[in-house]
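Below: the structure, in structure tokens.
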2 protein chains.
Amino acid sequence: MHVLLEGVRQQIAEQKMDSIKPRKSLVEQTYEILLNAICTGELGPGERLTQDEIAAKLNVSRQPVNSAISILKANQLVADTGRRGVIVTPIDRDLFQSIYEFRSVIEPFAVRLAGMRLPESAKNHAGAILESGNAAVRSGDVGAMLQADIDFHEMIFRWSGNPVIENSMRINWHHIRRSMAVVLKDPDAALPVWKDHADIVDHLLAGDTEGATAFMHNHIEKAHSRSRTALEALEPSE
Amino acid sequence: MHVLLEGVRQQIAEQKMDSIKPRKSLVEQTYEILLNAICTGELGPGERLTQDEIAAKLNVSRQPVNSAISILKANQLVADTGRRGVIVTPIDRDLFQSIYEFRSVIEPFAVRLAGMRLPESAKNHAGAILESGNAAVRSGDVGAMLQADIDFHEMIFRWSGNPVIENSMRINWHHIRRSMAVVLKDPDAALPVWKDHADIVDHLLAGDTEGATAFMHNHIEKAHSRSRTALEALEPSE
DNA sequence: TACCCTTATTTCGTATACAAAATTCGGTAT
DNA sequence: ATACCGAATTTTGTATACGAAATAAGGGTA
């Protein structure tokens, strides 16, 4: 049924310890799998999640599935429906607007703070991110492009030195991914995005904080109107 | 042991249906009880949460407790400690600073939006909130004062018409409550707070959006410096 | 044929049970 | 007395089991 959920048991079984971290619990793994399925659209808006089905697919018991769904519910990614189980939250265009309205203030603010607190590693880090972004654009892989975009903006957030900014955006990224997976059909629009990113970094590294802030503001506004028109074209039902 | 947790079984047993809503699940109730215990300081920073103990105290099984803790973990209110269970996240003064830095931008922005989208019910709603705030100050109940303060700011957020703003602050309120429960020993400082609130509302209702925005910015800055000095006085260990 | 009432099936919420991991405690050897 | 090793105890994570609620199905009657 859901392709991405197939063969997950192997991943869980392998459990390669990529770090010191204790291996992730089944709850965390189940959460991440479901989150990803929702964000990529594999689990579509309105679709029902049945615990038995998911548990069987992942070869785990219903218990971790139940906990994972509790977290998804707390993050507004699924919603209670009357009495029986949960459904994937419908994609809400108004929410999308609100997220960009929010970003239009938060992202320039993050740039301004970043200008004051730029770490030494900034130049190297930025180079790597910009490179991976351009590589993603060349590859044409929409998922990779989205991830690179998120990575770029989270880099700015981290430079800002204010963890609350990154935290406040974490949930929003999920919703953005969900909408973008629908919107981002033509990758041609992705090229100017990375030109913007490079401009922002250049001005930041050159010490022109205010310039970089203005660039970021402009960048968000452009992204907003671009995706808005794409969404409207997609669903003409106003 | 923990007084606030006592007698909860009765609350759970009563289950008076105050609305159409299906009665809350044990997971939700457990989550709220634990959240409240953490925010009021009854469960102190660093304290360990043992599932058996909590389950026994609440007369429920470990299952809902486990799920509730998963959500607390996702909200950064408890943290994994090595291998055995979780502890209440230590109060982080830097996080507190970051929250106020964040608010210094978000709250004025919310006021600006509210000025553009003020609902008709605003006047009545504001009157009730301001009244309950002053009542809380008169009563001297620190918890009630905190709740009234949160209610006021959430009212502004709702007026802003942007749900992302309110969502992004939801977790922050928990941390603010936690720190404030420590700080707010002298309620004398609470009076000017509600003068500020009244000023903001007055200017908003009079159509002076920019004035209200400036008042809000000033209000947050004052609250920030006030609580910062209180915190520093409390823990001189810089 | 359409509607309603009764029964069967799904599916969730919660409790209980079991096994693995980690800590603590006690005993022995140096 | 101290350090180290092993058994007993805690405590968690996960699986299984059970009961309740809601939907779906089926049959009888108007």
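Within every chain, numbering begins at 1; the chains are lettered A, B, ... in the order of the sequence lines, protein sequences first and strands thereafter.
- Every pair passing side-chain hydrogen bond (donor to acceptor under 3.5 Å, both in side chains) that includes a residue from residues 126-137 of chain B is listed here, sequence neighbours excluded: B:Glu131-B:Arg138.
- Side-chain proximity of B:Leu26 to the nucleotides D:dT11, C:dT10, C:dA15 is greatest for C:dA15.
- A:Phe152 meets the ring pair (Phe, Tyr, Trp, His ring centres under 6.0 Å) test with A:His197; sequence neighbours excluded.
- Out of D:dT12, C:dA15, D:dA15, the shortest distance to the side chain of B:Thr50 is found at D:dT12.
- The distance from atom CG of B:Asn59 to atom P of C:dT14 is 14 Å, rounded to the nearest whole Å.
- With sequence neighbours left out, A:His224 forms a ring pair (Phe, Tyr, Trp, His ring centres under 6.0 Å) with A:Tyr100.
- In this structure, the CG atom of B:Leu49 is 13 Å from the C1' atom of D:dT11, given to the nearest Å.
- Checked against salt bridge (charged side-chain N to carboxylate O under 4.0 Å, His left out), B:Arg62 has no partners two or more places apart in sequence or in another chain.
- A 4.5 Å side-chain heavy-atom check between A:Phe102 and A:Gln97 finds every atom pair outside the cut-off.
- Atom CZ in A:Arg84 sits about 14 Å away from atom P in C:dT9, given to the nearest Å.
- In this structure, the CG atom of B:Asp80 is 16 Å from the P atom of D:dT11, given to the nearest Å.
- Under the rule for a side chain to side chain contact (heavy atoms under 4.5 Å, CB included), the partners of B:Thr50 that lie at least two apart in sequence or sit in another chain are B:Arg48, B:Glu53.
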Show me, pair by pair, the donor-acceptor contacts under 3.5 angstrom made by side chains of residues 70-80 of chain A, not counting sequence neighbours?
{"residue": "A:Ser70", "atom": "OG", "partner": "A:Asn66", "partner atom": "O", "Å": "3.3"}
{"residue": "A:Asn75", "atom": "ND2", "partner": "A:Tyr31", "partner atom": "OH", "Å": "2.9"}

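- Out of D:dT12, D:dT23, C:dC12, the shortest distance to the side chain of A:Gln51 is found at C:dC12.
- Rounded to whole Å, the distance from CG on B:Asp52 to C1' on C:dC18 is 14 Å.
- Closest to the side chain of A:Ser25, out of D:dT14, D:dT12, C:dC12, is D:dT14.
- Residues A:Lys57 and A:Val65 have side chains not in contact (no heavy-atom distance under 4.5 Å, counting atoms from C-beta outward).
- For B:Arg117, the side chain to side chain donor-acceptor pair (under 3.5 Å) criterion is met by A:Glu101, not counting sequence neighbours.
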Which protein N or O atoms sit under 3.5 Å from an N or O of nucleotides 5-8 of chain D?
none

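- The stretch residues 61-74 of chain A touches DNA chain C through A:Arg62, A:Asn66, each having a heavy atom within less than 4.0 Å of the strand.
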